[in-house]
Amino acid sequence: MKQHVLLVDNLSEAVGRLQQGGYDRIFVLTDTQTERLCRPLLGDSTSLFSPDIIIASTDAHKDLEALSQVWTFLQTHGATRHSLIICLGGGMVTDLGGFAAATFKRGIDFINVPTTLLAMVDAAVGGKTGVNFNGLKNEIGVFCPAQRVWIHTPFLRTLDAVNLRSGYAEMLKHALLNNVQAWAEHLDFDLAAPDFERLQKMVGESIALKQRIVAEDPQEHGLRKALNFGHTVGHAFETLSLRRQSPQLHGSCVAQGMICELYLSHVHRDFPLERLRQTVRYLIENYGRFEFSCDDYDTLYELMLHDKKNVGGVINFTFLGDVGRIFTDQHAEREEIYEAFDFLREG
Ligand code: GLY
């Protein structure tokens, strides 16, 4: 299904128009922080609104307990198959809310209104929904695209620098998968003094690239694996940071993962050295280097071995032969992966 992603300037007017959608009730699902900062923008213009569903705001709460709370709320507030959920928040809200909607009474409509850059360019688009389970991220879930995604770019101006950088890492990933023009434009963007007009246009292009890939391979049997570029190593850093009790944002870990996977792309697929250097320089300048030593290599490798994208216990990568030249289902020797860690620490 082609997903409708719309730029929406006035969210409360858009909500008002839902009155004609044939829905019997509309539930807003959001988290404690977003409720305070962003919920007022949806207004109260529709008589269809039920009370809001408010969940805790961190990824640690993207679990069965929170999911059960959402299902219970829907049930006790009379939700039917003709009800709608508006998921207002970051990826945690759109992942969990999408899964709750996809499964309640075998599926009801939902609209994603992402409030972070990461959710706008990635989580809210493409139909991946789910929750964490038994300590594993996104272990339980289904593919189910939102009926609509509303992108309200003024939210971008409210983001702190760390969240802006986190989302931007996914945009840079999309640019690397796209073409040299997009890649060069992304390396030229000043994250310390963001030009929001320009960022808005780049967000639109980034979403369009993701939609093109998802339209070709919605359930990740082939090309969609390209969107995992930087994530095989990045997820290992993310989990390590959680274990150290100093969690780092997803996109920041993906930035580190991209440095390692660009190195491996150079070794395996001849990714051009000068482009590797330029990209790595930008990433290090904006994201720094993950603090780790060779004592962590075995742990990181073990974590990568448990990645759910692997087949037959072999670590699965996406490599690039150049900007826009994608090779999925790639492998690397353990020694090469350790060299990539060395490269990140010292290269
Ligand atoms: N976040 C990667 C994907 O949606 O496939």
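All heavy atoms count here, side chains included; hydrogens, waters and symmetry mates do not. All ligand and atom numbering here is 1-based and tracks the order in the structure.
Between Phe155 and His152, the ring center distance clears the sub-6.0 Å criterion. Aromatic ring centroids of His268 and His331 lie 6.0 Å or more apart. Tyr263 and Phe343 have their aromatic ring centers within a separation under 6.0 angstrom.
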| task | Using the salt bridge (Lys or Arg N to Asp or Glu O under 4.0 Å) rule, take Arg39 and Asp44 through it: C-alpha gap first, then chi angles, then the decisive distance, then the call. | result | CA-CA 10 Å; Arg39 170 65 181 89; Asp44 274 314; 3.7 Å; yes
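Tested against Asp95 for a side chain to side chain donor-acceptor pair (under 3.5 Å), the candidates Lys128, Lys137, Lys62 yield a single pass: Lys62.
Sorted by chain then number, the residues whose non-hydrogen atoms approach ligand 1 to under 4.0 Å are Asp122, Lys128, Lys210, Glu220, Arg224, Leu227.
Between Leu172 and Val254, the closest side-chain pair of non-hydrogen atoms is not below 4.5 Å.
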